[in-house]
2 protein chains.
Amino acid sequence: MEKLSAIQCCGGEQLRFKHRSHSLNCDMTFSVFLPQDAQKTPVPVIYWLSGLTCTDENFVTKAGAQRFAAEYGVAIVAPDTSPRGDDVPDDPNGAWDFGKGAGFYVNATEQPWAAHYRMYDYVVTELPALISQHLPVDTARQSIFGHSMGGHGALTIALKNPGKYRSVSAFSPICSPLNCPWGEKALGQYLGDDRSAWEDYDTCTLLGKAQSHLPVLVDQGSADSFLVEQLKTDRLLRASTEHQYPMTIRMQAGYDHSYFFIASFIDEHIAFHANHLLWS
Amino acid sequence: MEKLSAIQCCGGEQLRFKHRSHSLNCDMTFSVFLPQDAQKTPVPVIYWLSGLTCTDENFVTKAGAQRFAAEYGVAIVAPDTSPRGDDVPDDPNGAWDFGKGAGFYVNATEQPWAAHYRMYDYVVTELPALISQHLPVDTARQSIFGHSMGGHGALTIALKNPGKYRSVSAFSPICSPLNCPWGEKALGQYLGDDRSAWEDYDTCTLLGKAQSHLPVLVDQGSADSFLVEQLKTDRLLRASTEHQYPMTIRMQAGYDHSYFFIASFIDEHIAFHANHLLWS
């Protein structure tokens, strides 16, 4: 693991690392914010999963999260959104909603994607093991959150691994990739035509299979141009009710899909996770 | 004045406008954050001046200022850093520290720069008149701050116009363009060889001419790679002492020149200005 940069921020350190990923079969870059507390003792960790087209850097530069991570004494790990590099196949037309920058946090089973597009394993298994080995974080106390495609990633990963995470939250998540164009395009290619395989990565479906309940917080802007066609928060609300999976879903009036929305409520999301990481 | 975008953020609005500037003789773009309070009554305004290579957008996306502007109920206006457009002359070698993105907040007197490079007049006179006419801001209550080249801009503009601003602050300012390579290059070309003309835009010189004292706050990172050669905070400290101009200069251990430094202390700068805009 090679340290690319270390910049002091809010009394802690904003770090960037490069490493060879065995899950993804390529070199990967990720960012970590370590609060000052980490100099004394391992700190809990929250994973941030970004949306379509993002790298590990969007959240780090735009969300204003460091201030609150420092305040609560938690680390934030931000991975990239897909495998990278010249050896990794990409959408032949350079689409922004499939291939590089659009890994959808699944393990691809179809060719030519299966050799690299395994972001699920990377986030759930490889990255926690890597940071646990090299950084002062306590991976027994983990939470996860994300935005849009990354909101989908955070929710599905937490629902499939309730013992690994204490809480999950999402901004503007894709609530049911089985039922939106982004999901159709990505899961159809990564997982193939059998839609039953997609259910394993569909938040609304997974809610019906949950054996235990995690604390869940979802924020969605009412002025989000992707809300009706792609995100479909109404489906999440119905599934939560139908399957009696309690969660807090907040429709935030007037907010759009941008990082200005995330920056407006990032304090409340970090406080929500800190509440479960530090005191429960 | 054309509205390019309006995005809800922290209960207020992040706006972007385009207009024809008579000072700069070109089209200009600037950003404004209006807190929710501005829907009811005109609010005080703080101008943010950015550094070399920036546009109006760097501060808006990276500083995390909206949260605190919303909390205190103040607007923040972020202009661009130079005239723009195909008709505006630029450094013949495309340098990043002169020409476009590097207006240095002066009124150029030398050709071919004098027709456009008049950022001093734009910030001090044209922009306040424009926003006062079109937006719910109270330009009788103004403060100003900035970063690096923009810290130099904020300090010199406030020192030359103490009646127009209630307070001034700077992150990592160029403290004496008379005495650093960035200043030599820019002022030499914008203002010509007669260095006495530069003194009118040199913070350390202006401190000796001040007839009244504004509240001044300066933050400087100790790990800033530009500190010794370009910024020279030691000169500001000496000039402040010599001329008995009181100010708070804080050397912040371990911080560099980046927006991670700005984001770490933006709350304290906005609180500093709000204290003078709202309650004095």
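Residue numbering restarts at 1 for every chain, and letters A, B, ... go by the order of the sequence lines.
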A.B. asks: As an exercise: rank A/G64, A/C9, A/G221 by heavy-atom pairs under 4.5 Å with chain B and give me the winner.
C.D. replies: A/C9

A.B. asks: Just checking heavy atoms, which of residues 262-271 of chain A are less than 4.5 Å from chain B?
C.D. replies: A/A263, A/S264, A/F265, A/I266, A/D267

A.B. asks: Do the non-hydrogen side-chain atoms of A/F260 and B/V60 ever get within less than 4.5 Å of each other?
C.D. replies: yes

A.B. asks: Which atoms of A/A253 come close to chain B, meaning under 4.5 Å heavy atom to heavy atom: side chain ones, backbone ones, both, or neither?
C.D. replies: backbone

A.B. asks: List for me each residue that meets side chain to side chain donor-acceptor pair (under 3.5 Å) alongside B/Y255, sequence neighbours excluded, and say none if there are none.
C.D. replies: none

A.B. asks: Count the heavy-atom pairs under 4.5 Å between each of B/Q252, B/Q66, B/K62 and chain A, then report the option with the highest count.
C.D. replies: B/K62

